[in-house]
Every structure is written in C-alpha cells, then in structure tokens.
Amino acid sequence: MDYISIIKKHKTKKNLGQNFLVDKNIIDKVIETSSITENDYIVEIGPGLGFLTKEIRSTNIEVIEIDQELIPILKQIGNIMIRNIDVLDYQIPNIPFKLIANIPYYLTSPIIRKFITESLNIPGLVVLMIQKEVAEKIIAKDNKKSVLYWLVNLYGKPEIIEYVSKDSFYPSPKVDSAILKFVPYKKPLISRPKKFLDFIKICFSGKRKKISTTLSNHFGLPKEKIISMFNSININPCLRPEKISLSDWEEIINLF
Ligand code: SAM
C-alpha cells in the first residue's frame with residue numbers, strides 16, 4: 001500500500017503536527033544525511049506511522065511517539081524500542097547516539113534546547129526536518145543572527161541539506177521545510193555558554209534598539225556610562241544585536 005493510502009486509514013491529528021513525509025526521495029535523503037551504520041544508536045522523535053523508521057538500517061532504534069493510537073502500528077515494525085511519551089519528558093541516553101526527527105514545528109525550539117543547548121550528552125549527529133524559515137534563521141541566511149542562531153551555533157555547525165516542498169507531506173502543511181544537519185563541536189565555542197545565552201537574550205529583547213539603549217534600560221545605568229564602557233573596548237554602542245560577532249559579544253559580556 002502506498003503512503004497516502006496508509007495515512008487515509010487514520011484520523012490525522014493536526015494538534016500533534018501530524019504531517020507525514022510521503023516523498024520517498026526525501027525519506028532517502030534524510031537517511032543518507034544521517035549516514036547510519038548498523039551499530040549506531042538512533043533516537044527518532046515523532047516516528048508517526050514509521051515511514052522513516054522503516055528505512056533506518058540500524059539494530060538499535062528508539063522512537064518517541066506521543067500518540068498512543070500509533071503505537072500498535074509502530075509495534076509491527078519490530079525490533080525497535082518504543083516510548084509512548086512526550087519527547088519533552090524523555091530521558092536522554094548516556095551513550096553516543098544520533099538524533100533523527102521530522103518534528104512538529106511548534107516543538108523545534110524546545111527540542112533544540114533539550115537535545116543541544118541544555119543536554120549533558122549532545123547527539124553525535126542531528127538530522128531534523130524543520131520549517132524552512134526556521135532552518136534559515138538557524139544558519140542566519142540573511143546574515144542576521146538571533147537567539148536561536150546562537151542556541152545552535154555555539155554548540156556545532158548547522159547546514160541546510162535540502163529544501164523540501166510542502167507537497168512532500170500528507171496532509172500538506174502551510175509552509176515549506178528543510179532538512180537541517182547539525183554536527184556538534186567537541187566542546188562549545190565558549191566556556192560559559194549559559195551565561196552568554198542569558199546575556200544575549202536580554203540584548204535581543206530590544207532587537208530593533210541599539211544595544212546601548214537595551215543595556216541601559218536593563219541595568220538601570222545612564223546611557224553615557226554604557227557608551228563609555230563600549231568605547232573602552234572599541235565596540236560601537238549603536239550596533240544592533242543581530243550584527244554582533246562572537247568575539248565582540250564576549251568582550252561586551254566581560255564588561256558586566
Ligand atoms: N516521522 C513521521 C513522518 O515523517 O512521516 C511523522 C512526522 S509528524 C510531522 C510528527 C510526529 O510527531 C507525529 O507522529 C506526532 O504524533 C508526533 N509528536 C507530536 N508531538 C509530540 C511530542 N510532544 N512528543 C513526541 N511525539 C510527538
């Protein structure tokens with residue numbers, strides 16, 4: 001039976017972001033990007049009806065699916081560990097693993113935080129199908145960095161592997177997608193990423209404002225004081241946060 005006929009036998013749940021991948025070429029691309037070997041430990045989020053899962057050639061597969069009604073179908077695949085839970089309650093394994101997911105779009109940031117930013121065991125490789133615009137934000141395609149950009153880029157290198165039309169899914173979502181590959185660095189680019197992220201979040205809260213204005217408001221310091229602090233490190237206090245480089249951020253953070 002073809003993918004769409006299988007899906008039509010079920011009542012898809014919009015609130016769980018159930019837009020199933022039905023384009024075999026794209027499924028193959030996700031698998032190829034994951035460069036799976038037989039002994040890799042694979043964690044897949046949101047396997048749905050298992051179209052992607054069935055193509056994973058590994059002996060160690062763990063899937064996390066919140067929808068109880070899909071569990072009997074996933075059980076038919078055999079030889080996979082099924083967790084019928086919300087991925088946000090999932091306990092990350094303490095062994096090396098690869099993460100694959102065609103995830104509901106509303107879960108993109110929580111999943112990035114859970115598996116990359118806040119994880120003690122970052123996956124060796126992450127391959128995510130996500131909304132095209134979010135993927136472009138993660139790589140700062142327009143050269144404008146964001147909190148999301150830093151949440152990912154401090155920890156590794158993201159890359160858009162392929163754009164995916166909304167027609168590759170059934171039911172078709174409103175937006176196009178992209179396959180994002182993320183390869184983590186051995187350690188984050190800076191020694192105290194949490195402090196860095198907390199600080200830049202303050203600065204990005206006034207995204208369209210000059211950084212001196214946002215910092216002056218936040219710390220209750222006179223603007224002239226902030227400007228002279230910036231002058232002391234030769235950084236323009238009129239910069240907008242989306243244009244600030246990592247080395248400049250580090251210098252700015254050291255002032256506070
Ligand atoms: N991987 C399948 C595919 O590509 O055809 C399905 C992808 S569909 C976009 C997202 C899947 O994630 C659905 O099966 C949905 O039930 C599941 N899901 C939604 N929210 C979830 C959550 N919080 N935790 C785990 N799974 C979730």
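Each ligand, and each atom within it, is numbered from 1 in the order the structure gives. The analysis underlying the following values was restricted to heavy atoms, covering all of them including side chains, and did not include hydrogens, waters or symmetry mates.
Heavy atoms of Leu107 found under 4.0 angstrom from ligand 1 belong exclusively to the side chain. Only the backbone of Pro47 comes within 4.0 Å of ligand 1, counting heavy atoms alone; no side-chain atom from C-beta on gets that close. With a 4.0 Å heavy-atom cut-off, ligand 1 is reached by no atom of Leu52. Neither the backbone nor the side chain of Met129 comes within contact range of ligand 1; no heavy atom lies under 4.0 Å.
Annotation for ligand 1: atoms under 4.0 Å from non-hydrogen atoms of Asp86 are 22 (C), 23 (N), 24 (N). Applying the 4.0 Å criterion to heavy atoms of Pro104 picks out, from ligand 1, the atoms 10 (C), 12 (O), 18 (N), 19 (C), 20 (N).
Annotation for Asn79: atom CG does not count as buried by contact number, only 12 or fewer foreign heavy atoms lying within 6.0 Å.
Between Phe256 and Phe199, the ring-plane angle classifies as tilted under the 30° and 60° cut-offs. Ring geometry for Tyr3 versus Phe51: interplanar angle of 30 to 60°, hence tilted.
Remark: ligand 1 and Asp67 share no N or O pair separated by less than 3.5 Å (distance only, no angle test).
Looking at atom 9 (C) of ligand 1, its nearest protein heavy atom turns out to be Gly17 O, 3.0 Å.
Side-chain contact, Thr37 with Asp40: a donor N or O sits under 3.5 Å from an acceptor N or O. When only modelled atom types and interatomic distance are considered, Ser177 and Tyr105 share a side-chain donor-acceptor pair under 3.5 Å.
At a 4.0 Å cut-off, at least one heavy atom of Tyr106 sits close enough to ligand 1 to count as contact.
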